[in-house]
Novice: 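Would you mind keeping the following structure in view while I ask a few things?
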There are 2 protein chains.
Amino acid sequence: MPSDEPDDAQRAAPLARIGRQPSTSHAELSHVALQLFIEHGFDNTTVDDIAASAGIGRRTFFRYFPSKNDLPWGDFETLLDRMRVFLRELPADMPVVDALCTAVIEFNRFPLEEVPYHRQRMELLLNVPSLMAHSTLRYTAWRQVLAEYVAGRLDVPVDSLRPQTLAWAFLAVSLSAYEQWLKHDDADLIQLLSEAFRMLDTAFDRQEHSLPPASPPSPPGP
Amino acid sequence: MPSDEPDDAQRAAPLARIGRQPSTSHAELSHVALQLFIEHGFDNTTVDDIAASAGIGRRTFFRYFPSKNDLPWGDFETLLDRMRVFLRELPADMPVVDALCTAVIEFNRFPLEEVPYHRQRMELLLNVPSLMAHSTLRYTAWRQVLAEYVAGRLDVPVDSLRPQTLAWAFLAVSLSAYEQWLKHDDADLIQLLSEAFRMLDTAFDRQEHSLPPASPPSPPGP
DNA sequence: ATACTAATGACACTCAGTGCCGAAGGGAAG
DNA sequence: CTTCCCTTCGGCACTGAGTGTCATTAGTAT
């Protein structure tokens with residue numbers, strides 16, 4: 001889990017603030033919920049369970065998180081901001097693709113002691129259908145960060161083909177690396193990411209692109 | 001819309017079948033629903049509306065489609081089968097990446113008269129958050145088809161890094177092309193796809209991959 | 001003590017999705 | 001035509017997510 005305080009002491013600190021104090025925090029809810037998800041499964045855990053377990057009312061829960069699906073993500077926006085800054089401060093003469101590689105890798109580097117926790121989170125996010133689906137919306141925001149950088153560097157519109165395609169491709173490769181990471185207990189995420197980027201790099205090598213004219217019509221799809 | 005009959009005459013044809021005749025069809029429901037979605041918006045259309053508009057009971061609706069989100073996809077599995085076959089029948093000495101390009105392009109070729117309909121479908125699928133999210137699950141099946149082909153060609157496990165990364169990358173590029181297609185009324189999808197594939201091809205050219213050692217730890221993300 | 005402010009939680013409501021079960025509509029055998 | 005056997009239909013009740021409303025609670029400032 002990202003941001004917020006380490007774990008305990010949320011309701012302490014009589015901050016010089018006006019009005020009633022919050023009775024919990026994003027981080028605490030995230031923790032409590034993740035625990036329940038791992039114990040009983042995501043689908044078998046109701047929002048009532050979570051609220052009860054956190055000692056708050058059901059209605060209050062929805063003031064902290066817009067949906068049950070948002071719990072495992074925690075405070076993603078803050079992370080995106082960090083990546084934005086990181087990209088902005090890279091040397092302007094660094095090849096765009098290298099910049100993206102570096103930023104994405106940096107984005108996925110985190111302290112050793114957080115690894116197990118992160119694993120659990122990602123295990124859920126990449127395996128529970130409901131969460132897989134919901135995560136798409138987060139990925140969109142993530143891609144947007146990359147696309148904006150590329151667009152800035154190349155001086156083209158953010159929504160044009162090149163920034164969007166690169167952003168999509170980097171997301172794709174990252175997720176692919178994550179899948180491998182989860183599949184092997186001893187894997188190193190950073191290494192997998194580098195490897196996956198490199199693979200994309202060389203995937204198209206050693207052959208010309210014929211792209212034959214293709215045959216008769218056939219229906220649609222993504 | 002994929003499979004099923006052109007549009008009308010669903011309840012005709014006294015097929016030599018036992019038991020009561022179905023009172024509608026996937027295709028008809030898809031049509032009715034899509035109409036409503038376009039008219040009133042996806043979120044403002046309830047399943048009751050759709051059922052009523054199709055002249056069936058709400059309960060019956062869920063016997064045709066497992067969820068409201070599945071409506072715009074129609075019979076996707078059939079399309080996937082078609083792509084599987086197409087891939088299988090490609091010459092075994094064609095470079096893997098070329099094979100994927102060809103298959104994906106083939107998969108997205110469809111008769112002119114269906115283009116407007118397809119556009120509407122995809123407009124929804126790529127813009128309505130709820131549908132964007134749900135589509136992820138379909139994309140997973142789509143990726144699996146590509147990954148299986150790559151794995152077969154390269155004689156490695158389906159769930160290993162290379163097949164998965166390639167599948168992800170091709171999905172990414174396809175979606176990126178689709179976004180462009182939707183953004184420009186006069187765009188040619190096939191052309192955009194080729195262009196996007198080529199871009200990925202050359203994206204990594206003209207620079208070595210430094211991938212610097214990177215700095216201090218920072219939290220996670222996709 | 002009083003006024004103001006912000007968070008809480010109870011209640012009621014909408015909508016998606018599911019299990020259950022009797023009823024409707026069709027073919028086939030008597 | 002009647003009966004039996006299927007299969008689909010659709011009503012009902014229920015769970016669970018998410019939202020609007022509003023009185024209540026717990027703080028700070030005066």
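Values in this document were obtained by computation on a predicted structure and should not be read as measured data.
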Novice: The criterion is side chain to side chain contact (heavy atoms under 4.5 Å, CB included); which residues satisfy it with Val158(B), sequence neighbours excluded?
Specialist: Gln144(B), Ala147(B), Glu148(B), Ala151(B)
Novice: Kindly write out the residues that satisfy salt bridge (Lys or Arg N to Asp or Glu O under 4.0 Å) with Asp43(A), not counting sequence neighbours, or none if the list is empty.
Specialist: none
Novice: Rounding to a whole Å, what distance do you find between Tyr64(A):OH and dA6(C):P?
Specialist: 15 Å
Novice: Measure the distance from CD on Gln21(A) to C1' on dT5(C) and round it to the nearest whole Å.
Specialist: 11 Å
Novice: Please enumerate all residues that pass side chain to side chain contact (heavy atoms under 4.5 Å, CB included) together with Ala187(A), with sequence neighbours excluded.
Specialist: Trp181(A), His184(A), Leu192(A)
Novice: Suppose we screen for salt bridge (Lys or Arg N to Asp or Glu O under 4.0 Å). Which residues come up paired with Asp188(B), at least two apart in sequence or across chains?
Specialist: none
Novice: Along nucleotides 9-20 of chain C, 5' to 3', which nucleotides get a B, which get an S, and which get a -, given that the test is a protein heavy-atom distance under 4.0 Å?
Specialist: BB----SBBBBB
Novice: What is the separation between atom CG on Asn44(A) and atom C1' on dA17(D), rounded to the nearest whole Å?
Specialist: 15 Å
Novice: Quick one: salt bridge (Lys or Arg N to Asp or Glu O under 4.0 Å) partners of Arg138(A), sequence neighbours excluded?
Specialist: Asp70(A)
